[in-house]
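Worksheet: one structure, shown below.
In this text, all values refer to a predicted model and were calculated from it rather than measured experimentally.
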Amino acid sequence: MVGRSRPLVAPLILAVVVVLGLASPAAADAPQSLAAEMVVGDEVTLTVGRDGVVRARETIVYEFAGGRGFDRTFVTRTRDSDTRDRVYEIGDVRASSPDGGPTGVSVSVDGSRTRVTVSGDRPLNGRRTVVLTYHVRGIVTPLGMRDELRWAAVGGWRTRVSTARVTVRGPVMDGSINCFAGPLASAIGCAQFNPDHTRTEGVFSQNNLLPGEHLTVVVGYRAGTVAAEPLYAKRRTLATAFSVNGITLGTLGALLALLLGGFGVLYLLHGRDKRAVDKHAAEGDRPAVRGAEFAPPDGVRPGQIGTLIDEQADVIDVTATIVDLAVRAYLLIEEEDRAATGRTDWTLRRLQRPVDDLLPYERLLLDALFEGRDSIKLSELDGAFAPQLARVRSAMYDDVVKQGWFARRPDTVRSRWSTAGIVLAVLGVAGTVALAVFTDLALVGLAVIIGGAALAVGGQYMPAKTARGATVLAHTIGFQAHLARGEAPEGIEGPQRIALFSRYLPYAVVFDLVDKWAKTVEDAGVQAEGADNLYWYEGPAEWDLSKFAESMRTFTLATSGAISRTRQFRSL
């Protein structure tokens, strides 16, 4: 079957090719017709007026091969410097034809080039003559003692130009008379140039210009003969977009004033805190003990102190609250035997006692830890109760406002300022891009970005304590200094001494003094005869208070790690 089918293939392919060829002769001829088109002659007459405007009459003899028109392209924008371009204006363009050529005209600007499109209403073949008239502004340049006209009078064609001729008429020529052929910046002289005997007219010519090549003419005049007024436009580059001018300097000055004002506000707010701290530090720097009774500064609890100091509900504040709940007998911490389990872990057991004296955030934390259970391993907290902890965190912020230490929640204040700063910075980025593309005022947008970033960063410092909060902070700093010294009150012995030092420990956790103060608790336990455990912390078999400092250090690190690995507390 395959052998018998082969004779049919060749005739079938031949038939398809013939049909396609007959059906679309235009498609086959189109590339050839475009290649066959050319400019037979392009003759330009430039008349230079004393007002600096050059009026042009261009006679084009074009060889058509099925096309409806052509494009005549002028180079109307060139680089003058890093900050500006030289601009040439083409205007009042009109077209006519004595022999039925196209006369429709449209003008478009594409970057550095102005395109004049001449079109007709039907395909044309053979030679047609089209006469373009237009004026050019900005091609005369003052050069000290003379003025110079330099213009690429012929060129920018997509086809070959057989004959190019330019005639320049105007005032008496004085100085350079020259012409160049080839690329736009070519230094190769043209074929011929001749001024007449009156030197009011010069003729320049060149044959066989290739596609894209130009015939550029240069004529000099005595200075002042022609109103030489070059035209310039700013270059849209990074250098110009971010240029310094009156507007950008004013904007940057205003930004500087705002930043200084913002720093002044922060100084007034936080300077007040410092002044209050300095005033009351001496009063707060004393042992907070009255007889055998433990008395923290101003009755402040560990979680509250942590939030007051840095205005954030940190992981360590929650850890200190857990230790404080144990010390106050709301839960028991049991260290597991590592030799038996193969890992370091603790069991938290809830103790049955009224919770009426707990603050809202403490009650929420206690409920979040157990959720109806009597006990839970610390390792089981890892990532298990983020929603409840979010509520605890919120309650801690509410509490410092309720205590009168802050007028508003610190997290809300930070969030509002930071959000406003981020939005402002994003708008600044969009504005900078737009201003850089269309204007030279991009520094204004950059100033907005800087202002937004400063607002976002400064927003972290905007929460300010009230006068009452600053006073409590002063006592807190004094209490911290007392714990840092590790001083032990005299006259308290035995179990009371251990209990007293245990009550200090949660505060030491907040102040990052847990190693030092746990060692103090350990020493007190060693001195107390027969003390091998604490009422709130129990170790495994063969454990005694001589190991408490290491156990406490490990417990606080493990607890903070378990909390911080929950999604809600990654940012704490």
Side-chain angles (χ1 to χ4, degrees), residues 296 299-333 346-419 459-460 462-463 465-466 469 472 506-507 509-510 555-572:
V300 181
R301 294 177 182 174
Q304 294 175 316
I305 282 183
T307 308
L308 175 67
I309 290 176
D310 60 6
E311 302 158 356
Q312 296 194 57
D314 295 313
V315 172
I316 199 64
D317 302 335
V318 180
T319 300
T321 301
I322 292 174
V323 175
D324 186 51
L325 290 173
V327 171
R328 291 157 60 195
Y330 286 94
L331 60 89
L332 176 66
I333 303 173
W346 290 263
T347 297
L348 306 180
R349 298 189 184 278
R350 184 165 187 172
L351 303 178
Q352 299 302 318
R353 61 169 296 177
V355 295
D356 296 341
D357 62 337
L358 290 182
L359 296 174
Y361 77 87
E362 294 175 321
R363 189 179 298 116
L364 284 172
L365 177 57
L366 195 63
D367 292 340
L369 287 172
F370 296 100
E371 291 187 320
R373 298 167 292 193
D374 292 331
S375 65
I376 186 172
K377 293 184 182 299
L378 187 62
S379 58
E380 295 174 358
L381 293 178
D382 193 358
F385 60 123
Q388 295 91 329
L389 283 177
R391 295 173 57 200
V392 173
R393 182 189 184 192
S394 179
M396 293 177 78
Y397 285 124
D398 287 336
D399 179 76
V400 293
V401 175
K402 183 178 179 180
Q403 298 297 329
W405 301 338
F406 294 90
R408 299 178 182 83
R409 286 177 43 144
D411 60 327
T412 302
V413 173
R414 279 192 302 270
S415 177
R416 288 177 179 175
W417 283 96
S418 297
T419 300
Q460 303 302 310
M462 289 309 293
K465 301 172 186 64
T466 62
V472 174
Y507 298 90
V509 172
V510 172
F555 173 77
T556 55
L557 290 175
T559 303
S560 297
I563 293 174
S564 64
R565 282 191 291 272
T566 63
R567 289 177 300 172
Q568 285 292 329
F569 273 63
R570 289 182 187 273
S571 62
L572 290 183

So for atom CZ, which belongs to Arg353, do other residues, nucleotides or ligands contribute more than 12 heavy atoms lying within a distance under 6.0 Å? yes
Return the minimal non-hydrogen interatomic distance between Ser560 and Ile316, and the atom names on each side. OG-CD1, 4.0 Å
I'd like to know if the side chain of Ser394 and the backbone of Ala390 have a donor-acceptor N/O pair within less than 3.5 Å. no
Kindly indicate whether the side chain of Leu359, heavy atoms from C-beta on, has any atom under 4.5 Å from the side chain of Gln304. yes
Under the side chain to side chain donor-acceptor pair (under 3.5 Å) test, which residues partner Tyr361, sequence neighbours left out? none
Close side-chain approach of Gln460 to Glu311, heavy-atom, < 4.5 Å: no
For Trp346, side-chain contact (heavy atoms from CB on, under 4.5 Å) partners two or more places apart: Ile333, Glu335, Thr344, Leu378, Tyr537, Thr554, Phe555, Ala558
Evaluate the side-chain proximity of Trp405 to Thr307: yes if any heavy-atom separation is below 4.5 Å, no if none is. no
Closest heavy-atom contact between Val323 and Pro506? CG1-CG, 3.9 Å
Among residues at least two apart in sequence or on other chains, which ones pass side chain to side chain donor-acceptor pair (under 3.5 Å) with Glu362? Arg301, Arg328
SB check Asp367 Arg350 (cutoff 4.0 Å): yes
Please list, chain by chain and in numerical order, all residues satisfying side-chain contact (heavy atoms from CB on, under 4.5 Å) with Ile309, sequence neighbours excluded. Ile305, Leu473, Thr476, Phe511
Check whether any side-chain heavy atom of Phe370 lies under 4.5 Å from a side-chain heavy atom of Asp374, and answer yes or no. no
Are Val400 and Pro410 side-chain neighbours, meaning at least one heavy-atom pair lies under 4.5 Å? yes
Residue list, side chain to side chain donor-acceptor pair (under 3.5 Å) with Asp357, at least two apart or on another chain: Tyr330
Which pair of heavy atoms, one from Asp317 and one from Asp314, lies closest together, and at what distance? OD2-N, 2.8 Å
Who pairs with Arg349 by salt bridge (Lys or Arg N to Asp or Glu O under 4.0 Å), at least two apart in sequence or on another chain? Glu334
Over all heavy atoms of both residues, which pair between Tyr507 and Val300 is shortest? Give the atoms and the distance, please. OH-O, 2.8 Å
Between Pro463 and Val413, which heavy-atom pair has the shortest distance, and what is it? N-CG1, 3.8 Å
Pairing donors with acceptors under 3.5 angstrom, does anything connect the side chains of Thr319 and Thr559? no
Quick check: closest heavy atoms across Tyr397 and Gln312, and the distance to 0.1 Å? OH-CA, 3.5 Å
Set of residues satisfying side-chain contact (heavy atoms from CB on, under 4.5 Å) with respect to Leu364, sequence neighbours excluded: Arg391, Val392, Ala395
Apply salt bridge (Lys or Arg N to Asp or Glu O under 4.0 Å) to Arg373 and list each qualifying residue two or more places apart in sequence or on a separate chain. Glu371
Using side-chain heavy atoms (C-beta onward) and a distance below 4.5 Å, is Leu358 in contact with Leu365? no
Output all residues satisfying salt bridge (Lys or Arg N to Asp or Glu O under 4.0 Å) with Asp398, sequence neighbours left out; order by chain, then residue number. Arg409
Taken in chain and number order and not counting sequence neighbours, the residues that satisfy side chain to side chain donor-acceptor pair (under 3.5 Å) with Lys377 are Glu336
